[in-house]
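Side chains included, hydrogens not; waters and symmetry mates left out as well; all remaining heavy atoms used. Throughout, numbering of the chain's residues begins at 1 and tracks the sequence.
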Amino acid sequence: MEPQNTALVLPAFSLAGPEETTALGRRLAAVLRPGDLVLLSGELGAGKTTLTRGLGEGLGVRGAVTSPTFVIARVHPPLGDGPALVHVDAYRLGGGLDAMEDLDLDVSLTDSVVVVEWGEGKVEELTEDRLLIRIDRATGGTATALDPAAGAADDADPRLVTITAYGARWQDDPAAGAALLNLREA
């Protein structure tokens, strides 16, 4: 499937820190439905997992949402009638979609909300309908794998969030587009 080139780029907005990032994830959960693909992009420590944690809270899934860096993917089943959350970290996967075939994401996509951290440029071919959420630190500080505490003081730094929506799911449905615009409101 060839990725769609047209995109709806929403106005960028800022978040004051981890609490607002988590809250954004909870609001995003209300907009998503089974089959939705969300790609998260941003430097190390920008808040990708924090956003996904809020998304898991909003979807009402089982288990703590933590970074799947070392296990590559985690499935969080729903506690109720909602969709499961499939949380993937593609940071260590360099082969794009071919390297991700063993994860069976194409099977999970239809009945789950799939979030792929570091997925930009790797999994767009899964579906034309997707969101790309870019989170940038306003000051450029990052935590490192060798010294995570180095970025801890920067956790409260503002983040700049840009959401780009691809495909008919987001562009042809005025209610879906409006819901995305409303994500900016706390």
Side-chain angles (χ1 to χ4, degrees), residues 1-59 65 83 85-91 93 96-97 100 105-106 109-110 112-142 154-186:
M1 177 182 323
E2 187 67 27
Q4 199 173 57
N5 291 327
T6 59
L8 171 64
V9 182
L10 302 172
F13 58 97
S14 63
L15 301 172
E19 295 80 16
E20 287 191 14
T21 305
T22 301
L24 173 62
R26 285 192 297 266
R27 292 192 305 274
L28 179 60
V31 174
L32 297 176
R33 63 184 186 202
D36 283 339
L37 173 65
V38 179
L39 308 179
L40 299 179
S41 179
E43 60 197 13
L44 188 63
K48 297 178 295 295
T49 300
T50 301
L51 179 88
T52 307
R53 187 172 300 120
L55 181 59
E57 290 173 11
L59 289 174
V65 175
L85 172 64
V86 178
H87 184 197
V88 179
D89 187 326
Y91 184 75
L93 300 176
L97 198 56
M100 300 189 74
L105 289 181
D106 54 343
L109 187 60
T110 57
S112 304
V113 170
V114 178
V115 175
V116 184
E117 295 187 27
W118 305 98
E120 188 175 10
K122 296 181 180 179
V123 298
E124 288 87 346
E125 292 179 13
L126 286 173
T127 179
E128 290 182 359
D129 298 319
R130 64 190 180 280
L131 295 177
L132 170 62
I133 301 176
R134 176 144 191 90
I135 306 171
D136 292 303
R137 288 178 178 265
T139 60
T142 61
D154 295 333
D155 278 351
D157 289 344
R159 270 56 169 180
L160 185 64
V161 177
T162 306
I163 300 174
T164 306
Y166 296 89
R169 154 92 166 99
W170 303 105
Q171 295 178 26
D172 295 347
D173 180 355
L180 288 176
L181 283 171
N182 290 333
L183 289 176
R184 300 169 11 132
E185 300 172 8

Worksheet entry | Heavy-atom side-chain contact between L55 and L32 under 4.5 Å | yes

Worksheet entry | Residue pair G56 / L85: nearest heavy atoms and the distance that separates them | CA-CD2, 3.9 Å

Practice prompt. Output, in order, the C-alpha distance, side-chain angles, deciding distance and verdict of side-chain hydrogen bond (donor to acceptor under 3.5 Å, both in side chains) for T22 and R53.
Written response: CA-CA 6 Å; T22 301; R53 187 172 300 120; 5.5 Å; no

Worksheet item: Would a distance-only check, ignoring hydrogens and angles, find a side-chain to backbone donor-acceptor pair under 3.5 Å from E124 to G121?
Response: yes

Worksheet item: Below 4.5 Å, heavy atoms only, C-beta onward: do L183 and V161 meet side chain to side chain?
Response: no

Worksheet item: Would a distance-only check, ignoring hydrogens and angles, find a side-chain to backbone donor-acceptor pair under 3.5 Å from Q171 to A165?
Response: yes

Practice prompt. Working to the nearest 0.5 Å, report the span between CG of L51 and CZ of R27.
Written response: 9.5 Å

Worksheet item: Just by distance, do the side chain of K48 and the backbone of G42 share a donor-acceptor pair under 3.5 Å?
Response: yes

Response to the item:
The reported gap from CD1 in I163 to CZ in R134 (rounded to nearest 0.5 angstrom) is 13.5 Å

Worksheet item: Between the side chain of R159 and the main-chain N/O of D157, is any donor-acceptor distance below 3.5 Å?
Response: yes

Worksheet item: Looking only at heavy atoms, which two atoms of G119 and L39 are closest? And how far apart?
Response: O-CD1, 4.3 Å

Worksheet item: Which heavy atom of A90 sits nearest a heavy atom of K122, and at what distance?
Response: O-NZ, 2.6 Å

Practice prompt. Keeping the roles fixed (side chain from T127, backbone from D129), state whether a donor-acceptor pair exists under 3.5 Å.
Written response: yes

Discussion item. Is there a side-chain contact between R169 and E128 in this structure, where contact means two heavy atoms from C-beta onward sitting under 4.5 Å apart?
Written reply: no

Fill in: Interatomic spacing from CD in E120 to CG in L40 - rounded to 0.5 Å
10.5 Å

Discussion item. Give me the atom names and distance for the closest heavy-atom approach of T21 to G47.
Written reply: CG2-O, 3.6 Å

Response to the item:
In short, L44 meets W118 closest at the heavy-atom pair N-CH2, 3.7 Å

Discussion item. Nearest 0.5 Å, please: how far is OG1 in T6 from CH2 in W170?
Written reply: 14.5 Å

Worksheet item: Which value, rounded to the nearest 0.5 Å, describes the distance between I133 atom CD1 and L28 atom CG?
Response: 5.0 Å

Worksheet entry | Inter-residue atom distance L8.CG - L131.CG, 0.5 Å rounding | 9.5 Å

Discussion item. Within the 4.5 Å heavy-atom criterion, are H87 and V65 side-chain neighbours or not?
Written reply: yes

Fill in: I135 versus A46, closest heavy-atom pair with distance
CG2-O, 3.3 Å

